[in-house]
Amino acid sequence: IMANRRVIIGDKEYQIPEKLLSLGVIPILGIAFLLWLITGVYQVGPDEVGVVQRFGKVNRVAQSGLRYHFPFPIETVKTPKVTEVKRIEIGFRTVGKNQFRTVEQESIMLTGDENIVDAEMIVQYKLKDPEAFLFNFVRPILTVREAAEASLRTVVGRHGIDQTLTSGKLMIQEETKTLLQAILDKYNTGILVVAVQLQDVSPPKTVISAFKDVASAKEDKNRLINEAEGYRNDVIPKARGEAQAMIREAEGFKEARIKRSEGDVAKFSAMLKEYKKAKSVTKKRLYLEAMEDILPGIEKFIVPDGEGGNLLNLLNLTGNKKGDK
């Protein structure tokens, strides 16, 4: 078995046969130099970029493929993934498949109306500037988490608890995303926020029963309001319709009375005109018409005045047996 000797060149380790080391210093140095040059070969993946540093200063950015740089310590290369979407959890941690652990120091926060809510959020991000991401700040995961937590607390503090728990979630997500991106851009982190998603927003567990009672009372309030509005919407149109009907009926009665009064006036005027022409005849006709109205359905006999009148006219000479007349 050929014995090997461990040789470290740069940041890599090589196993060199001892027989090769016995050849002499110059061949060994040549082989070592060749191996040193080979260490400059590197691979950039399709989802990566290669950021090459020369003596610690960024020299160039290499795209995907097989590349070469001067070996260490002249040049070094870092290959961050630029298309990978990374994930940060705020207020909870995933500890296993479908298992989560709550982090209350991150999730408990105050709303704008000084109520307490328990908010959990996921932030998805990727790199837009690899150079800035690598060299402008340290501990990127912690930085993004703390910036996201601060952004969420700021946005939740601008809204009331009703908006936070119900209708305002989408608005809170968008405002948090905008604020978080502004903070990361301010510090030139080279990070692009892809999405911000609220996982769960609820009252703290210690007071959730009280919140349920409040929510139930609000539902009862809204139900009663809706019932009252429904009753109002039913009664008011009916009342308006009845009012319009009464107005139309009164207007019709008014017109009828006016027309009847005008007719009575016209009738009286015509009668007065005839009365002036023949007072006695008109007076007698009016008297007979009045008696006809007063005694309807009864047979009546008219006995003329003066010599033309005779009580014999009242005798029942016709043999009619209808009774008294």
Side-chain angles (χ1 to χ4, degrees), residues 81 83-128 133 136-227:
K81 297 182 181 295
T83 60
E84 178 185 17
V85 177
K86 299 177 176 60
R87 164 186 168 124
I88 294 290
E89 297 170 341
I90 310 298
F92 73 103
R93 301 290 186 272
T94 302
V95 296
K97 187 176 181 181
N98 297 325
Q99 294 182 353
F100 308 96
R101 175 175 58 86
T102 301
V103 183
E104 290 189 351
Q105 60 265 33
E106 294 178 0
S107 62
I108 300 298
M109 55 193 69
L110 280 174
T111 63
D113 50 4
E114 299 183 353
N115 285 287
I116 300 176
V117 294
D118 190 340
E120 298 175 356
M121 182 178 70
I122 291 175
V123 177
Q124 294 178 325
Y125 69 95
K126 65 180 182 179
L127 307 186
K128 64 177 180 179
F133 177 78
N136 285 355
F137 69 111
V138 295
R139 303 181 70 181
I141 294 177
L142 178 62
T143 301
V144 175
R145 175 174 286 120
E146 291 185 348
E149 180 186 345
S151 300
L152 180 59
R153 289 183 183 278
T154 301
V155 173
V156 170
R158 296 173 181 169
H159 299 277
I161 190 168
D162 291 335
Q163 282 185 311
T164 305
L165 294 177
T166 56
S167 60
K169 288 184 178 180
L170 291 177
M171 180 171 55
I172 290 174
Q173 287 180 178
E174 291 302 317
E175 290 182 8
T176 302
K177 178 182 176 183
T178 302
L179 180 58
L180 175 58
Q181 186 66 67
I183 293 174
L184 296 176
D185 290 343
K186 179 180 179 180
Y187 293 102
N188 194 23
T189 60
I191 292 175
L192 174 65
V193 180
V194 177
V196 170
Q197 183 177 1
L198 287 172
Q199 290 296 100
D200 182 35
V201 181
S202 61
K205 295 179 181 178
T206 54
V207 296
I208 194 168
S209 59
F211 269 85
K212 287 182 178 179
D213 292 340
V214 172
S216 178
K218 288 182 178 179
E219 290 177 358
D220 291 341
K221 172 186 174 183
N222 293 332
R223 177 178 56 80
L224 293 173
I225 290 173
N226 292 334
E227 289 178 357

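The basis for the numbers below is simple: all heavy atoms, side chains too, and nothing from hydrogens, waters or symmetry mates.
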Candidate list Thr189, Asn188, Ile191, test side-chain contact (heavy atoms from CB on, under 4.5 Å), partner Phe133, passing option: Ile191
Residue of the set Thr176, Ile172, Val201, Ile88 for which side-chain contact (heavy atoms from CB on, under 4.5 Å) holds with Met121: Thr176
Worked verdict on Val196 versus Leu152 for side chain to side chain contact (heavy atoms under 4.5 Å, CB included): CA-CA 10 Å; Val196 170; Leu152 180 59; over 6 Å; no
Any side-chain heavy-atom pair of [X] and [Y] under 4.5 Å:
| X | Y | value |
| --- | --- | --- |
| Ile122 | Phe92 | yes |
| Asp200 | Phe100 | no |
| Val117 | Met109 | yes |

Distance-only side-chain donor-acceptor flag, Asp118 / Ser107, under 3.5 Å: yes
Distance (rounded to the nearest 0.5 Å) between [X] [atom1] and [Y] [atom2]:
| X | Y | atom1 | atom2 | answer |
| --- | --- | --- | --- | --- |
| Lys177 | Gln124 | NZ | CD | 10.0 Å |
| Glu175 | Thr154 | CD | OG1 | 11.0 Å |
| Leu184 | Leu180 | CG | CG | 4.5 Å |
| Leu198 | Glu120 | CG | CD | 10.0 Å |
| Arg101 | Glu89 | CZ | CD | 9.5 Å |
| Thr111 | Leu165 | OG1 | CG | 8.0 Å |

Closest approach of Met171 to Gln163 (non-hydrogen atoms, all atoms of both residues): CE-NE2, 3.6 Å
For the student: nearest non-hydrogen atoms of Glu106 and Arg145, plus distance: OE2-CD, 3.4 Å
Side chain to side chain contact (heavy atoms under 4.5 Å, CB included) against Asp185, all qualifying residues, sequence neighbours excluded: Lys128, Gln181
Salt-bridge contact Arg223-Glu227 (side-chain N to carboxylate O under 4.0 Å): yes
